[in-house]
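This report concerns only the one structure given below.
Chain letters run A, B, ... following the sequence lines, proteins first and then strands; every chain starts at 1.
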Amino acid sequence: MLIDTLFHPSKIFDELSKENAETMASITRFAILIPLLPPIFSWIGGNQLGWRLGGSEPVFFDTTGSIVFSLFYFIMLCIGFISTVAISKWMAKTYGAKSSLSLHLSIFTVICLPLVVASMAHLYPDVFFNVLILVPALVWSITLLYKGLPIALGISSDQGMLMASSLVGWLLVAAVSLLGICVSLWMNGAMVILGI
Amino acid sequence: MSGLSLHKKLEKNAGLLIFGILFVSSIGGLVQILPVLFQDSLKTASANTVPYSAVQLQGRDIYIRESCHACHSQQVRPLLAEVKRYGPYSRAGEFVYDRPFMWGSKRTGPDLHRIGGKYSDIWHRIHLIKPRSVVNDSIMPAYPWLEDEPASAAGDIQKKMQVLKTLGHPYSEQEIEAAPSMLDGLTEMDALIAYLQVLGTSAETSEEQGHH
Amino acid sequence: MKEESQQFYHDEVVTRLVQFSLIWAIVAMFVGVYLSAELLWPELDFGQFWLSFGRLRPLHTNGIIFGFGVSALMATAFYTVQRTSHIPLFMPKLAWFCCYAWQIVVLLGGLSLLAGWTSTKEYAELEWPFDIAITILWVCFGVVFFGTIARRKIETIYISNWFFGGLIIVIAMLHIVNNLAIPVSIDKSYSLYAGAQDAVVQWWYGHNAVGFLLTGGFLGMMYYFLPKMSNQPIWSYRLSVVSFWAFTYSYIWAGPHHLHFNSIPEWVQSLAMVMSLILLAPSWASMINGIMTVSKSSVKLHNNPALKFIVLSLAFYGLATFEGPMMSIKSVNVVSHFTDWTVGHVHSGALGWNAMITYGVFYYLVPRLAGRELYSLRLANIHFWLALSGTILYILAMWAAGVSQGLLWMSIDELGQLNYTFNDIMASMKPYYGLRLIAGLVFLSGTILMSFNLFMTIKGKKTVKVKPPTIVKASEVAA
């Protein structure tokens, strides 16, 4: 099933459109891997090899540091993933699409899977290497989003296009919000402002 | 429903619409920007701040011509890390002779407000001609052509000082008179380095650690 | 008056402006790509002063804003004001003068930037002779635009014209006040303001040039073309009017958020931050209005590149107008300021919103001006994917670069010592700058495909002659 999801996504989207409970159950079983695997990979990589930021020496986190970092990564991915599924389910009504939770959960599991597999690159924590691996995976995931939504939700390709674009808008806003929240938290914990 | 009837008038009368836009968009400027222009503390030079000399002024205009500000800010923010990295944080009174301001909006390279005196003239010269010979990973462009031109080529220095004098920079007639001879024998490179070496040197020593 | 309504709309000038806009898009985006390559391989300037990063950078920004952006805005303002007023352009010769003189000013202005004539004020780098020329041409633009509105045959001034009107009036005000200077010579002047005051005036200009040109002006496009393409009236006319006034009022206050923690008074920064947050409401009101209009439409998106681009542009508009207020929050800004995050933010607006909505409008407009089908639908569909992936890659690269710059610069150990040298942090930017270069190339290649496609559509065709409708209900809104 996992292999099919990666290499024949359109087949899976077709199956999903039938809302077959068995297919959905077998896919949603993987859903937990999506927020779980990348932090594990980055934890292992960070501990064994240290993060390399360009020219400088590798950066090692201490044990607490690396656990906090991975935990935070996990929570961020959870929030991102769950909120996207929820928004998609909510939007489905506007576009007259099917709106069962397990269907939307399965769809986004399929869409995110390439990214999760590519996150294995975290095992070798060199920024450039990770960028090289993750970017094509991201392009592939976005393609899946645009191609998969209309098939799996049983809506016209026009409606699918609108819905996918709205979701891209949401994902970008969500990403930038997370960025802002992280930065704010970081600064409020780790920085001293003088004067002003 | 007066709001609605006003709207009905506006959407049918081009003159009113133009006036409306002008009125609504200028409120912010009048309340927020105008008071800043009249705030004396922003125009008062801090204790050690003096107008640029003829050579430094010429150097500053070369800095402007090459748009150094596109990659280097001149504004040390009052943050612990910035004060550690660059020196005392910047104060409004240090910039009163800066026309235009050079604070910048992007640090592709490091901040330069406190660069004055940190490196030798020789270092700057080598760095400007071959940046990567002194800073390994530097991505700064080289500026070899600054060595080829005399400093006087970067504009009429007397005219510049006269204009600045009318804008309130306290240059004396003698200084303006002597300006061209100050540039004698100097290249654009020399002038630019003179400017870099004076940058930020007017910081008060008591705030060396950034705390006042 | 009777014989005037018999005249055709003046659309030839629109076609010409679209062509110029396309040329500037390619030139200025190419310069952008070249600049991003210079950040990886600084030797690419070959020791030539005019290829130096500092001199090319304002050419990139001015070429995009004034070459690509303003030409597109003039084209669409001229096209839409005729159709929402049911009358040909007022003083068409003056419109032609605006069209050509503007291109000459941008071209010579661009060359002057390479020669090192610059006031350094961002997006207002051109020196005083060009500032005067721009002022004159802007007045001419206003005369044509408002003259057409003054003689309109429809009682109500349609909402798109409000935004174009706001563009013309507010940009004129900003441009004149910010560029006040005393000339020293033809290529040099000294600003009337100094230091902190100069900074506040400049960012009052800089921020609102983005506001009224790149946001408001392009919203003018959106309010005409989106309902037109969707074959639907705008979802809520009331909402669009309310958001126009709220937008015009609140945008102007936000400028000093570009100067957080800089040497300007604290109250100015805080006020700017509060007003920036408020600004989110009118900005998103326009987005919601646009999305609801398309959602109600029954027009097919399939094989309709124009509408696809506009829908996507609204998504990026939503991002950019959310990100902006967020970055004006001081605890976020303390990290994002001076970093590539700012560059990424500008490009999520410029690529995702400005360029994409313009592309959408051009895909709609050019076949109608030429009176024939689009040369290649396939190329347009490929372009859509290039534009989308290019923009997303660009934004991601700059987010990653900006946040790591901001945090690493601030990083301090227990003893209060800096953890990283500036150099190490800068050297670690290479992967992101590489990705940004690729993103730029992808986006640029899409733009080249589109320009080829559109030029082939226009090729050998005269602009179609269209007459204003003869029977008009006084109350009809031409949406």
Side-chain angles (χ1 to χ4, degrees), chain B residues 7 11-12 14 17-18 21-22 24-25 27-29 32-33 36-37 39 42-43 61 64-71 73 75 77-81 84-85 90-92 95-103 105-107 110 135 137 139-142 144-145 155-156 159-160 163-164 166-167, chain C residues 39 42 45 47 49 52-55 57-58 116 118-122 146 149-150 155-157 162 165-166 169-170 173 182 184-185 188 190-191 194-201 204 241 245 248-249 252-253 258 261-265 268 271 334 338 342-343 409-410 412 418 422-423 426-427:
Chain B
H7 161 218
E11 71 177 4
K12 285 172 186 164
L17 183 61
I18 294 176
I21 293 172
L22 206 53
V24 169
S25 66
I27 298 172
Q32 189 188 29
I33 309 300
V36 171
L37 292 185
Q39 189 171 333
L42 297 179
K43 316 190 224 188
D61 287 339
I64 287 172
R65 187 186 71 197
E66 305 300 342
S67 289
C68 303
H69 72 286
C71 296
S73 56
Q75 177 68 226
R77 295 177 292 171
L79 311 169
L80 189 58
K84 273 275 167 208
R85 196 183 297 280
S90 307
R91 312 279 295 247
F95 299 104
V96 296
Y97 301 119
D98 279 15
R99 292 176 199 269
F101 76 112
M102 281 287 123
W103 297 357
S105 61
K106 178 73 185 18
R107 276 185 195 148
V135 182
D137 292 314
I139 50 171
M140 191 172 101
W145 57 88
D156 182 343
K159 190 96 183 287
K160 286 179 180 179
V163 167
L164 288 174
T166 61
L167 286 167
Chain C
L39 287 178
D45 63 11
F49 65 84
S52 187
F53 186 95
R55 300 204 189 191
R57 194 251 182 193
T118 174
S119 72
T120 76
K121 294 188 172 192
E122 272 181 78
F146 287 112
I149 287 186
E155 203 186 2
T156 308
I157 303 172
W162 297 34
I169 293 165
V170 181
M173 171 176 87
I182 301 186
V184 175
S185 56
K188 179 75 191 166
Y190 285 118
S191 171
Q197 296 175 332
D198 195 40
V200 171
V201 173
W204 168 75
V241 170
W245 290 111
T248 307
Y249 174 77
I252 213 89
W253 297 78
H258 291 255
F261 298 105
N262 283 17
S263 319
I264 63 164
V268 180
L271 185 60
V334 76
F338 290 133
T342 311
V343 180
W409 287 344
M410 301 275 177
I412 292 176
L418 298 168
F422 190 92
N423 252 332
M426 189 196 62

Holding to salt bridge (charged side-chain N to carboxylate O under 4.0 Å, His left out), I want the full list of residues that pass it with R57(C), two or more places apart in sequence or in another chain. E122(C)

If I measure from the heavy atoms of chain B, does T248(C) come under 4.5 Å with its side chain, its backbone, both, or neither? both

With a 4.5 angstrom heavy-atom cut-off, could you sort out which part of V96(B) is near chain C: side chain, backbone, both or neither? backbone

Report yes if the side chains of E11(B) and W162(C) come closer than 4.5 Å at any heavy-atom pair, otherwise no. yes

Could you check if a side-chain atom of W253(C) sits within less than 4.5 angstrom of a side-chain atom of I33(B), using non-hydrogen atoms only? no

Top contributor to chain C interface from G155(B), S67(B), C68(B) [non-hydrogen pairs under 4.5 Å]: S67(B)

CZ of F338(C) to CH2 of W103(B): how many Å apart, nearest 0.5 Å? 9.5 Å

Nearest 0.5 angstrom please: S263(C) OG to R91(B) CZ, how far? 8.5 Å

Hey, could you give me the CD1/CG distance between I169(C) and L17(B), rounded to the nearest 0.5 Å? 6.5 Å

Those residues at least two apart in sequence (or on a different chain) that pass salt bridge (charged side-chain N to carboxylate O under 4.0 Å, His left out) with K106(B) are D340(C)

Using heavy-atom distances under 4.5 Å, tell me whether L418(C) contacts chain B through its side chain, its backbone, both, or neither. side chain

So how far is it from R99(B) CZ to Q197(C) CD, rounded to the nearest 0.5 Å? 8.5 Å

Between L37(B) and chain C, which part of the residue has a heavy atom less than 4.5 Å away: side chain, backbone, both or neither? both

Comparing S73(B), P141(B), G28(B) against chain C, the one with the most heavy-atom pairs below 4.5 Å turns out to be G28(B)

Is F146(C) close to chain B through its backbone or its side chain, or both, or neither, when contacts mean heavy atoms under 4.5 Å? side chain

Can you say whether V268(C) sits under 4.5 Å from chain B via the side chain, the backbone, both, or neither, judging by heavy atoms? both

Any donor and acceptor pair, going by atom type alone, linking the side chain of D198(C) with main-chain N or O of P100(B) inside 3.5 Å? no

Heavy atoms only, distances under 4.5 angstrom: which of A14(B), A92(B), A70(B), S105(B) has the most pairs with chain C? Name it, please. S105(B)

For the pair K159(B) (side chain) and V184(C) (backbone), establish whether a donor and an acceptor sit closer than 3.5 Å, ignoring hydrogens and angles. yes

Reported CD1-to-NZ distance for the pair I64(B) and K188(C), which is rounded to 0.5 angstrom: 4.0 Å

Could you give the distance from OG1 (T156(C)) to NZ (K12(B)), rounded to the nearest 0.5 Å? 5.0 Å

